[in-house]
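Inspection log for the structure reproduced underneath, given as structure tokens.
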Amino acid sequence: MGDAMTGGFVVAPAELAGLAIRLRAGAREVWLVRERVAAVDVAASRPLSPQTFEVVRTRLREAMEALDRAERSAVDLADRLAENARSYEAVDAAAATRLLDVAPPVADRPPAVVAARGAEPAFTLPTTYVGTVTVRPVGRGARIAPVAPVIPVTPVPRVTRDGDGIVARAKRWADLRLGYSMSGLHEGYRTDCSGLVSMAWGLPPPGLTTVTLPEVSHPIAKDDLRPGDILLNTAPGAAGHTLIFAGWADESHTRYFAYEESGSKGAHHATVPYPYWPGHGTFRPYRLDG
């Protein structure tokens with residue numbers, strides 16, 4: 001940063017940010033259509049014959065997959081546009097002030113150095129530098145503008161796989177009320193039911209699915225359930241579901257507390273009948289291996 005930065009950078013970050021917002025709104029519309037398709041899927045299972053239902057179900061699944069791809073593409077493009085807008089704003093700000101050089105504050109320099117080298121000597125930042133620096137903009141005389149100090153990055157805490165740690169991580173998502181999406185990401189993980197479990201279990205992002213979660217876990221008995229275990233329906237796609245067991249809600253073990261990502265409520269805490277609400281398939285308890 002010792003050399004002068006000159007020239008301009010003509011961009012339109014506001015237009016990029018606006019386009020990103022419109023793309024996100026479009027992705028939201030796609031998601032709503034997908035939810036309606038899923039509702040039709042459930043409603044169609046009652047009046048149709050098994051043969052007709054399978055045909056309709058296949059067509060609906062294809063439509064849902066196409067909508068998922070459309071939503072994912074819109075969200076990815078919106079993310080890139082928003083990032084570009086932020087980058088352009090930062091470059092515009094630097095180019096507008098045309099930073100000339102970097103120097104330590106005059107008050108921090110020994111008087112002999114000030115007398116020998118003047119008020120603003122050239123200065124090269126060391127390899128490791130966590131103090132304050134000052135910059136002198138072009139065309140503004142000798143006025144010194146302070147720059148914020150470098151803030152060290154706090155390391156990410158180590159992920160533990162004990163039951164309390166698993167439940168605590170699930171609660172963090174529920175407290176944020178993260179919306180449900182099979183393609184959206186938070187902290188690198190999908191914000192769907194299996195993405196929540198993968199995050200809480202400390203699995204690699206973006207997470208496993210209801211089909212692949214048994215690869216890192218094993219079935220257990222109902223009476224062996226403890227906080228951090230899951231209830232799992234291993235059906236593929238939208239037909240499968242999973243949630244995190246957080247403790248029994250009654251002495252008869254007919255209801256339990258759980259953390260769950262669902263299309264209607266997003267990430268939330270709930271009291272659920274064992275093993276799950278009727279009409280949603282077969283659920284079995286599983287425990288993370290290791």
Side-chain angles (χ1 to χ4, degrees), residues 31 35 38 68 75 154-251 253-278 280-290:
W31 181 83
E35 290 296 297
D68 278 344
V75 170
T154 303
V156 177
R158 184 175 63 89
V159 174
T160 60
R161 293 189 173 186
D162 60 282
D164 291 341
I166 292 170
V167 171
R169 288 190 292 277
K171 180 180 183 300
R172 186 163 48 82
W173 273 29
D175 290 344
L176 293 173
R177 303 294 293 178
L178 291 177
Y180 179 94
S181 174
M182 295 179 71
S183 59
L185 298 177
H186 181 72
E187 300 174 337
Y189 292 91
R190 292 188 320 278
T191 54
D192 58 12
C193 60
S194 53
L196 170 65
V197 169
S198 298
M199 180 278 301
W201 273 5
L203 304 178
L208 299 181
T209 68
T210 53
V211 175
T212 56
L213 278 172
E215 296 175 2
V216 298
S217 60
H218 56 277
I220 59 175
K222 172 185 176 182
D223 292 338
D224 194 27
L225 271 167
R226 63 192 185 205
D229 296 332
I230 65 171
L231 278 298
L232 174 63
N233 173 359
T234 57
H241 190 54
T242 185
L243 63 165
I244 297 173
F245 179 85
W248 292 108
D250 57 14
E251 295 182 356
H253 291 187
T254 60
R255 301 177 69 81
Y256 61 97
F257 300 113
Y259 287 96
E260 176 183 22
E261 262 279 10
S262 67
S264 58
K265 297 182 180 180
H268 65 283
H269 180 263
T271 303
V272 183
Y274 185 87
Y276 196 66
W277 302 101
H280 289 80
T282 301
F283 284 76
R284 295 183 63 187
Y286 280 77
R287 176 168 298 156
L288 178 64
D289 293 336

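Because only heavy atoms are used, hydrogens play no part in the values below, and waters and symmetry mates are left out as well, while side chains stay in.
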Side-chain donor or acceptor of T210 paired with backbone N/O of A235 under 3.5 Å:
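Confirmed, T210 side chain pairs with A235 backbone.
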For the side chain of T212 and the backbone of L208, is there at least one donor-acceptor N/O pair under 3.5 Å apart?
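No: the side chain of T212 does not pair with the backbone of L208.
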What heavy-atom pair brings [X] and [Y] nearest, and what distance separates the two atoms?
X: G188; Y: P205; value: O-CB, 3.2 Å
X: H186; Y: L176; value: NE2-CD1, 3.8 Å
X: H218; Y: L288; value: CE1-O, 4.0 Å

Check: [Y] and [X] side chains under 4.5 Å, non-hydrogen atoms:
X: R287; Y: S217; answer: no
X: D229; Y: D224; answer: no
X: T234; Y: Y286; answer: yes
X: L196; Y: L178; answer: no

Which value, rounded to the nearest 0.5 Å, describes the distance between [X] atom [atom1] and [Y] atom [atom2]?
X: L232; Y: S194; atom1: CG; atom2: OG; result: 9.0 Å
X: L185; Y: D192; atom1: CG; atom2: CG; result: 9.5 Å
X: S264; Y: Y180; atom1: OG; atom2: OH; result: 10.5 Å
X: I244; Y: M199; atom1: CD1; atom2: CE; result: 6.5 Å
X: N233; Y: T242; atom1: CG; atom2: OG1; result: 9.0 Å

Using the side chain to side chain contact (heavy atoms under 4.5 Å, CB included) criterion, which residues pair with [X]? Sequence neighbours excluded.
X: P236; result: V211
X: A270; result: H268, V272
X: A174; result: Y259
X: P285; result: I220, L225, L231, Y274

Parallel, tilted or perpendicular, judged at 30° and 60°: which one describes the rings of H241 and Y276?
tilted
Partner of W173 under side chain to side chain donor-acceptor pair (under 3.5 Å), picked from E260, E187, E261, is E187
Ring pair (Phe, Tyr, Trp, His ring centres under 6.0 Å) with Y189: which residues, sequence neighbours excluded?
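Ring pair (Phe, Tyr, Trp, His ring centres under 6.0 Å) list for Y189, sorted by chain: empty.
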Using ring pair (Phe, Tyr, Trp, His ring centres under 6.0 Å) as the criterion, list what pairs up with F245, not counting sequence neighbours.
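Checked F245 against ring pair (Phe, Tyr, Trp, His ring centres under 6.0 Å); matches are W248, Y256.
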Which residues pass the side chain to side chain donor-acceptor pair (under 3.5 Å) test with D164, sequence neighbours left out?
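With neighbours one apart ignored, the set is empty.
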In chain order, what residues pass the side chain to side chain donor-acceptor pair (under 3.5 Å) check against T271, with sequence neighbours excluded?
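Applying side chain to side chain donor-acceptor pair (under 3.5 Å) to T271 gives none.
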With sequence neighbours excluded, what pairs up with [X] under the salt bridge (charged side-chain N to carboxylate O under 4.0 Å, His left out) test?
X: D223; value: none
X: R284; value: none
X: D175; value: K171
X: K265; value: none

